[in-house]
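Structure first, then comments.
Hydrogens, waters and symmetry mates play no part in the numbers below; they use all other heavy atoms, side chains included.
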Amino acid sequence: RFLKENNYRVISLSELNALVSSRNKIPPKTVVITIDDGYKTTMKAFEVLKKYGFPFTVFLYMEAIDRYPDFLTQKDIEELKSSCLVEFGNHLYSHPDLALNRLKLSKNEYLNLLKREEKLSRRRFKRLLGYEPTFLAFPYGGYDRLSLKFFSGLYRLLLTQD
């Protein structure tokens, strides 16, 4: 309600990507709404955002989707997809804390973790949604130079908590 009453412009992540890619300025009062993980509560948020016609992106923790009780099901995803308000992004397979793992693992072990997470999450994303992800939100917002380098050629936008 605040966004609507105060004349904010809510755009999709794809629209933001187009603005950033074209190096155009982002207009004042422009907002992108994202939701991480894909918990069942996303459906409650969907009802509110649908009421206002606001687009949003859900970053899916791929191992949990359609498997764990507190997470979205395939049916939920189909409902979200059919609304044309929702985009989906990757939140990796097992939702690892990359910053923490970088401290604990050797460089090779860490790169193997990145490869595994990318492979498994991309495969499951495509199976559930029918296309490959173009946006990635780092779990817990954590990243480092290696993960940025690894994922930058695979996604149009990488999102953090910065």
May I have the step-by-step check of side-chain contact (heavy atoms from CB on, under 4.5 Å) for L111 and K107, ending in yes or no?
-> CA-CA 6 Å; L111 286 170; K107 182 178 178 180; 4.2 Å; yes
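- Heavy-atom neighbours of R67 CZ from other residues, nucleotides or ligands within 6.0 Å: above the threshold of 12.
- Looking at D144 and Y110, their side chains do bring a donor and an acceptor atom within 3.5 Å of each other.
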Given the rule in the ring-ring contact (aromatic ring centres under 6.0 Å, His included) test, do F125 and Y131 qualify, once you have shown the distances and angles that lead to the verdict? CA-CA 7 Å; F125 189 102; Y131 60 92; 5.5 Å; yes
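- At least one side-chain heavy atom of D37 sits under 4.5 Å from a side-chain heavy atom of F71.
- Taking both residues in full, the closest heavy atoms of N90 and P133 are given as CB-CB, 3.9 Å, listed atom of the first, atom of the second, then distance.
- Nearest heavy-atom pair, P139 versus L92, reported as atom, atom and distance to 0.1 Å: CD-CD1, 3.9 Å.
- In this structure, R123 CZ and Y93 OH are separated by 9.0 Å, a value rounded to the nearest 0.5 Å.
- Rounded to the nearest 0.5 Å, atoms CG (L157) and OG (S152) are 12.0 Å apart.
- Under a hydrophobic clustering in which Ile, Leu, Val, Met, Phe, Trp and Tyr are joined whenever their side-chain heavy atoms come within less than 4.5 Å, directly or via other members, L114 and L105 fall into the same cluster.
- The ring of F135 has its center no closer than 6.0 angstrom to the ring center of F59.
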> After noting the C-alpha distance and the side-chain angles of T57 and I35, does the key distance pass the side-chain contact (heavy atoms from CB on, under 4.5 Å) rule?
Replying inline: CA-CA 6 Å; T57 301; I35 300 173; over 6 Å; no
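- A side-chain donor-acceptor contact under 3.5 Å links T73 and D76.
- Side-chain contact of Y155 with E132: a donor-acceptor pair under 3.5 Å is absent, judged by distance alone.
- Here the side chains of F46 and V48 are not in contact, with every heavy-atom distance at 4.5 Å or above.
- With values rounded to the nearest 0.5 angstrom, E63 atom CD is found 11.0 Å from S121 atom OG.
- The shortest distance between side-chain heavy atoms of L120 and M62 does not fall below 4.5 Å.
- Crowding of K29 atom NZ: a count of heavy atoms from other residues, nucleotides or ligands under 6.0 Å exceeding 12.
- Counting all heavy atoms, side chain and backbone alike, P55 lies closest to S12 at CG-N, 3.7 Å.
- Considering all non-hydrogen atoms of both residues, L60 and G38 come closest at CD2-CA, 4.1 Å.
- V10 places none of its side-chain heavy atoms less than 4.5 Å from the side chain of F56.
- Residues I11 and I26 are members of one and the same hydrophobic cluster, defined by side-chain heavy-atom contacts under 4.5 angstrom among Ile, Leu, Val, Met, Phe, Trp and Tyr.
- Within the 4.5 Å cutoff, no side-chain heavy atoms of L85 are placed close to those of L80.
- We find the CG-CG distance between L136 and L154 to be 9.0 Å, quoted to the nearest 0.5 Å.
- Side-chain atoms of E79 and S82 form no donor-acceptor pair, as typed in the model, at a separation below 3.5 Å.
- Dense packing is recorded around NZ of K81, with more than 12 heavy atoms of other residues, nucleotides or ligands lying under 6.0 Å away.
- Between E117 and S94, some side-chain heavy-atom pair lies under the 4.5 Å cut-off.
- Centroid-to-centroid, the aromatic rings of F138 and H91 stay 6.0 Å apart or farther.
- Residues S22 and N24 have side chains that bring a donor and an acceptor to within less than 3.5 angstrom of each other.
- Residues L113 and L148 share a hydrophobic cluster, clusters being chains of Ile/Leu/Val/Met/Phe/Trp/Tyr side chains in contact below 4.5 Å.
- A pairwise comparison of heavy atoms in E15 and R9 identifies OE1-NH2, 4.0 Å as the closest pair.
- With hydrogens and angles ignored, the 3.5 Å screen pairs a side-chain donor or acceptor of E109 with a backbone N or O of S106.
- Between I77 and V86, the closest side-chain pair of non-hydrogen atoms is not below 4.5 Å.
- Side chain of R124 to backbone of I65: a donor-acceptor contact under 3.5 angstrom is found.
- Of the inter-residue distances, the one linking E87 atom CD with L129 atom CG reads 12.0 Å to the nearest 0.5 angstrom.
- Under the 4.5 Å side-chain criterion, counting only non-hydrogen atoms from C-beta, L13 is in contact with L159.
- In this pair, Y61 and H95 present their aromatic rings tilted. The plane angle is within the 30 to 60° band.
- Rounded to the nearest 0.5 Å, atoms CG (L98) and CG (L146) are 10.5 Å apart.
- At a threshold of 4.0 Å, the pair E78-K75 does not count as salt-bridged, since none of the basic side-chain nitrogens sits closer than that to a carboxylate oxygen.
- Taking all atoms of both residues into account, the shortest heavy-atom contact from D66 to Q74 is OD1-N, 3.1 Å.
- Under the 4.5 Å side-chain heavy-atom criterion for Ile, Leu, Val, Met, Phe, Trp and Tyr, V20 and L158 are members of distinct hydrophobic clusters.
- Aromatic pair F151/Y143: ring centres not closer than 6.0 Å.
- Using a 30° and 60° split on the angle between ring planes, F54 and Y52 fall in the parallel class, below 30°.
- Surrounding NZ of K119 are at most 12 heavy atoms belonging to other residues, nucleotides or ligands under 6.0 Å away.
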